[in-house]
> 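Below is one structure. I have some questions about it.
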Amino acid sequence: MEEPGRSVRILVTGGSGLVGRAIQKVVADGAGLPGEDWVFVSSKDADLTDAAQTRALFEKVRPTHVIHLAAMVGGLFRNIKYNLDFWRKNVHINDNVLHAAFEIHNGPPHSSNFGYSYAKRMIDVQNRAYFQQYGRTFTAVIPTNVFGPHDNFNIEDGHVLPGLIHKVHLAKSSGSALTVWGTGKPRRQFIYSLDLARLFLWVLREYSQVEPIILSVGEEEEVSIKEAAEAVAEAMDFHGEVIFDTTKSDGQFKKTASNSKLRAYLPDFQFTPFKQAVKETCTWFTDNYEQARK
């Protein structure tokens, strides 16, 4: 925590990504508090896989708090192809960020993204070790499938929902069918990036445990990929044929997470309804098509 009399300076790594942009927006829209100095950085500011650059960034910013979002990320098919790269890069990033600032899990992760998953889980192990050895309170937040403005809408490398939005846009533009990869049956809990940003601010200010916390909509809000595709088609007024390419992998069928711990703290937190969040994201993508990551 901050030293007495010292102003609050919050460093956000991965500040130009999906969640970082969402936090920038909710802070700019009035969620920031007097005396808070928010510093958003991206890979242009420092290569966090480099320990010297990471240390130099921390010495320059001198943060009292850190929201660590920077990571090598990608969708299912990029994960399958580059598991070693995901593991090595994310372990380096996490180690450098935590060391500059001075997970235990239930079973192995799904084979499709074990590299990314193990690297992210190790940050929890490291958090516990910093607390045990130095009494430092670092924690890990675990969001479910995040989507929203400023996402990566790349069809090959991006996550499922932004990929669907881009596919629907192209199908509508060309008058062709929409092809959804896989059977459409897997189920996911999607969280709108702006909702997640608001929860990040709560964690920063109010949550002081080393134990991780899951930031997610409830289990009852889980939707199938087919339902997600239908929501995107409705939001973009697409009425063409929808084809499911069952030669493509489905990945993990369910990744259901419980938000009961979050609800114990914030029983009245209002998540943006899924269809409304999809609509807002589709509108942003359409309005920013030339500049969007794709």
Side-chain angles (χ1 to χ4, degrees), residues 1-3 6-24 27 32 36-74 78-79 82-105 113-143 146 150 152 157 193 196-197 200-201 203-205 207-210 212-213 215 293:
M1 298 301 287
E2 68 270 17
E3 298 163 11
R6 186 179 176 193
S7 63
V8 176
R9 180 171 294 134
I10 303 137
L11 172 65
V12 183
T13 69
S16 64
L18 168 65
V19 181
R21 294 275 195 172
I23 293 175
Q24 282 194 57
V27 168
E36 288 181 347
D37 180 17
W38 290 82
V39 181
F40 295 87
V41 298
S42 70
S43 56
K44 296 190 182 81
D45 299 289
D47 177 2
L48 298 180
T49 63
D50 183 291
Q53 287 193 39
T54 307
R55 192 176 308 112
L57 173 69
F58 274 71
E59 288 173 356
K60 177 184 173 185
V61 176
R62 301 292 297 166
T64 58
H65 298 71
V66 179
I67 297 179
H68 175 41
L69 306 174
M72 177 184 178
V73 299
R78 190 174 178 215
N79 268 287
Y82 298 112
N83 265 302
L84 179 61
D85 292 355
F86 274 98
W87 192 89
R88 295 193 68 211
K89 190 160 188 175
N90 286 305
V91 163
H92 287 147
I93 289 171
N94 294 342
D95 182 58
N96 289 335
V97 168
L98 273 176
H99 191 61
F102 296 96
E103 151 189 16
I104 308 306
H105 61 274
N113 66 343
F114 70 87
Y116 177 82
S117 298
Y118 271 124
K120 298 304 280 189
R121 285 177 177 185
M122 287 306 102
I123 204 167
D124 179 55
V125 175
Q126 207 164 349
N127 286 343
R128 294 167 190 267
Y130 271 108
F131 182 72
Q132 182 187 58
Q133 192 166 333
Y134 293 108
R136 295 297 173 88
T137 305
F138 302 142
T139 194
V141 298
I142 307 167
V146 193
H150 301 282
N152 178 4
D157 290 345
S193 60
L196 181 60
F200 260 101
L201 268 61
V203 170
L204 180 80
R205 295 165 182 159
Y207 184 80
S208 56
Q209 297 183 36
V210 175
I213 186 165
L215 303 182
R293 288 186 292 164

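Keep in mind the model is a prediction, meaning the values are calculated, not measured.
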> Side-chain atoms of residues 14-24: list all donor-acceptor pairs with protein atoms under 3.5 Å, sequence neighbours left out, distances to 0.1 Å.
from  : atom 1 : to    : atom 2 : distance (Å)
Arg21 : NE     : Ser16 : O      : 3.4
Gln24 : NE2    : Gly15 : O      : 3.0

> Parallel, tilted or perpendicular: which describes the rings of His99 and Tyr130, with under 30° parallel and over 60° perpendicular?
tilted
> How close do Gly115 and Asn83 get, heavy atom to heavy atom, and via which atoms?
N-OD1, 2.8 Å
> Donor-acceptor check, side chain of Asp124 to backbone of Arg121, threshold 3.5 angstrom: yes or no?
no
> Within a 6.0 Å radius of atom CZ on Phe131, are there more than 12 heavy atoms belonging to other residues, nucleotides or ligands?
no
> For Ile123 and His68, which heavy atoms make the closest approach, and how far apart are they?
CD1-CD2, 3.7 Å
> Can a donor-acceptor pair be found, under 3.5 Å and without considering hydrogens, that links the side chain of Asn90 to the backbone of Met72?
yes
> More than 12 non-hydrogen atoms from neighbouring residues, nucleotides or ligands closer than 6.0 Å to CZ on Arg88, yes or no?
no
> Are any non-hydrogen side-chain atoms of Phe200 and Val12 less than 4.5 angstrom apart?
no
> Looking only at atom types and distance, does a side-chain atom of Asp95 sit under 3.5 Å from a main-chain N or O of Val91, one as donor and one as acceptor?
no
> Report the distance from atom NE2 of His65 to atom CZ of Arg205, rounding to the nearest 0.5 Å.
10.0 Å
> Tell me the closest heavy-atom pair linking Arg136 and Ala101, and the distance in Å.
NH1-O, 3.6 Å
> Rounded to the nearest 0.5 Å, what separation is found between the CG atom of Leu11 and the OG1 atom of Thr64?
10.0 Å
> What's the shortest heavy-atom distance between Tyr207 and Pro212, and which atoms?
OH-O, 3.5 Å
> If you round to the nearest 0.5 Å, how far is OG of Ser193 from CG of Leu196?
7.5 Å
> In Å, rounded to the nearest 0.5 Å, how long is the span from CD1 of Ile93 to CG of Asp47?
7.5 Å
> Hey, does Phe58 have a side-chain heavy atom less than 4.5 Å from the side chain of Val97?
yes
> Does Tyr82 have more than 12 heavy atoms from other residues, nucleotides or ligands lying within 6.0 Å of its OH?
no
> Once rounded to the nearest 0.5 Å, what's the spacing between atom CE of Met122 and atom CG of Asn94?
10.5 Å
> Check the orientation of Trp38 and Phe40. Use parallel for under 30°, tilted for 30 to 60°, and perpendicular for over 60°.
parallel
> In the structure I gave you, are the side-chain heavy atoms of Leu98 and Asn127 within less than 4.5 Å of one another anywhere?
yes
